[in-house]
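Please read the structure below before turning to the comments.
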There are 2 protein chains.
Amino acid sequence: MSDTPRRRIPEAALGRLPIYLRILVDLTNDDVTQVSSEQLAELAAVNAAKVRKDLSYLGTYGTRGVGYEVKFLTYQIQRELGLNQSWPVVIVGAGNLGQALANFTGIAERGFHVVGVVDKDESKIGQLVGGVRVRHADELQQIASSKAVSIGIIATPAQHAQEAADSLVRAGIGSIMNFAPTVISVPRGVNVRKVDLALELQILSYYEQTRNNGLRAVETGDSSDSVSA
Amino acid sequence: MSDTPRRRIPEAALGRLPIYLRILVDLTNDDVTQVSSEQLAELAAVNAAKVRKDLSYLGTYGTRGVGYEVKFLTYQIQRELGLNQSWPVVIVGAGNLGQALANFTGIAERGFHVVGVVDKDESKIGQLVGGVRVRHADELQQIASSKAVSIGIIATPAQHAQEAADSLVRAGIGSIMNFAPTVISVPRGVNVRKVDLALELQILSYYEQTRNNGLRAVETGDSSDSVSA
DNA sequence: ATTACCTAGTGCATACATTCACGAACTCCG
DNA sequence: CGGAGTTCGTGAATGTATGCACTAGGTAAT
Ligand SMILES: NC(=O)c1ccc[n+]([C@@H]2O[C@H](COP(=O)([O-])OP(=O)(O)OC[C@H]3O[C@@H](n4cnc5c(N)ncnc54)[C@H](O)[C@@H]3O)[C@@H](O)[C@H]2O)c1
Ligand SMILES: NC(=O)c1ccc[n+]([C@@H]2O[C@H](COP(=O)([O-])OP(=O)(O)OC[C@H]3O[C@@H](n4cnc5c(N)ncnc54)[C@H](O)[C@@H]3O)[C@@H](O)[C@H]2O)c1
């Protein structure tokens, strides 16, 4: 154990580490052993200085004049993200999305495995999805503690998302990924991230509309307010 | 149409407008007609000043001492986001996710409708998903132009995502929503947004790990999404 | 009308993020 | 060994976002 730099990583940089990680894994598969910030930047579609600064939060893992050793950097990012282990996750809601997620293999390849799926609907109980049997929502706490689960996924309709969040919190889960299009409130200290398809589409809608207004989605923000009509 | 303020909306604010919009729609359903920035902020789990500033980019639609009229504000946000119309979208890739999306009704309720689903795999062609028949990827251009589609969704495996993106661009699509966990490159002027489940989970993983290291996931840093209310 | 009381809108300070540009550190080659 | 060439790490400048705290503009009651 040489050292553990352990500065806190800024949110913005944190959001890019998984991207670099995926690229590095791909590079390893292509037998590439060294990579420069310039190359990484190209592959991640970002600025090279940003790559270097992002990586500098992890420690000093590059070699000047050379670049980064792919495997070593891969390991360091994984370690920093806590991906040395595979995290057990539970899914709340065994509907279309919940089942798709449970069946989805891509999740397992990136550091997670589904150890439980629960639903409130009796007709769903007992069904086998993604190798696990759907159990009743009341058993959530038991599942979470017996399998040491700390990450939960909400895949219920929006109107039940808060209820699902509450039960996850009660079960001792500290991090929640929310697919329901609603804001959930959780106690301080619980992390929530959301994935909201419609929200993203609506942002695209905005850009499409401004494009059609002749007010381009603007590269540099040329500020000259060309009023539409 | 009195006036159209038409300043360009900052990215950060833009990302919150769909949230306010959803809340406002819910309020209307609950027969609430007026709302203050304070209440909206509470419901959206953000700061009230932020709500006011975000809304100020649209124009001056509130009434001091009173608040905002729910229906009027709803209309203004919809108009700004281009949600007066329902946008036609095409889905590339009719696998698990593509089918789930095509079947998903939530998308229609929020301003979009699927007019085409294409796949490269012959065995998928002709299948009926979400009310439309899967057609061959080669027909993408024809579908896009005949239905005036400007938004495309990539739901192919990562290794085919660039190919899918290229075909969408060739078909004249200007905005792309990418579900494949890979960076796609597109010509200048084409908008891309991504939804990456594993990436979000990996961020949660980081926070779980730091939590266990005794170095708390820190309150204040809930900048973009991670609510710690 | 006047006063008391709200709440939107916003200027400003602060915080956070991005990018440039340059010195430091390493390799390679003659 | 020394100089040329490369690429990292980072200070400083710029750009963007947040949130406080105040002003402007509205309501309501007397
Ligand atoms: N289907 C998609 O393609 C898609 C895409 C993006 C987002 N979403 C969102 O994902 C969520 C789920 O979508 P879906 O299509 O799977 O819906 P669905 O109706 O098919 O499934 C929801 C499931 O959640 C269960 N449920 C409800 N309350 C529960 C509770 N408290 N505890 C446990 N289980 C509970 C229901 O019994 C049902 O089986 C929705 O919020 C939707 O907006 C879906
Ligand atoms: N399944 C999930 O729950 C889930 C969740 C999140 C993200 N994703 C991502 O979504 C993507 C799709 O996942 P999936 O589970 O649906 O995969 P899948 O293999 O079931 O489906 C992919 C489909 O895309 C088609 N395809 C491939 N190349 C194409 C092309 N050039 N043009 C048209 N069609 C093409 C294939 O024929 C196949 O039918 C993947 O990138 C995956 O990582 C999936």
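Here is how names work: the chains are called A, B, and so on, in the same order as the sequence lines, proteins then strands, and each is numbered from 1. Remember, predicted model here, so these are calculated numbers, not experimental data.
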Spacing between B/R64 atom CZ and D/dA28 atom C1', to the nearest angstrom: 18 Å
From the list C/dC20, D/dA17, D/dG25, which nucleotide is the closest neighbour of the side chain of B/E11? D/dA17
If you assign each of B/T63 and A/T63 to its closest nucleotide in DNA chain C, which residue comes earlier from the 5' end? B/T63
Is the distance from OP1 or OP2 of C/dT10 to the nearest side-chain N or O of B/K53 less than 4.0 Å? no
Above 12 or not: heavy atoms from other molecules or residues under 6.0 Å from CD of B/E38? no
Measuring from the side chain of B/T60 (C-beta onward, heavy atoms only), which nucleotide among C/dG9, C/dA17, D/dC8 has the closest atom? C/dG9
Report yes if at least one side-chain N or O of A/R16 is closer than 4.0 Å to OP1 or OP2 of C/dT18; otherwise report no. yes
Any side-chain N or O of B/Y68 less than 4.0 Å from the OP1 or OP2 oxygen of C/dG9? yes
Tell me which residues in residues 29-38 of chain A lie within less than 4.0 Å of DNA chain D, going by non-hydrogen atoms. A/S36, A/S37
Is there a side-chain contact between A/V89 and A/M177 in this structure, where contact means two heavy atoms from C-beta onward sitting under 4.5 Å apart? no
d(CD, B/E69; C1', D/dG26) in whole Å: 15 Å
Would you kindly check whether a donor in the side chain of B/R52 faces an acceptor in the base of C/dG9, or vice versa, at under 3.5 angstrom? yes
Send over the distance from A/K50 NZ to D/dG15 P, rounded to a whole Å. 15 Å
Regarding the side chain of B/V66, the nearest nucleotide among D/dT27, D/dC8, D/dT23 is D/dT27
What residues form a salt bridge (charged side-chain N to carboxylate O under 4.0 Å, His left out) with A/R110, not counting sequence neighbours? B/D196
For A/A49 and A/G65, take the nucleotide of DNA chain D holding the closest heavy atom to each; which residue's nucleotide lies nearer the 5' end? A/G65
May I ask you to decide whether A/E208 forms a salt bridge with B/R193, counting only side-chain N to carboxylate O separations under 4.0 Å? no
Does any part of the side chain of A/Q202, heavy atoms only, come nearer than 4.5 Å to the side chain of B/L17, both counted from C-beta? no
Can you check side-chain contact (heavy atoms from CB on, under 4.5 Å) on B/I91 and B/V114, steps first, answer last? CA-CA 7 Å; B/I91 298 175; B/V114 177; 4.0 Å; yes
Could you check if a side-chain atom of A/L197 sits within less than 4.5 angstrom of a side-chain atom of B/F179, using non-hydrogen atoms only? yes
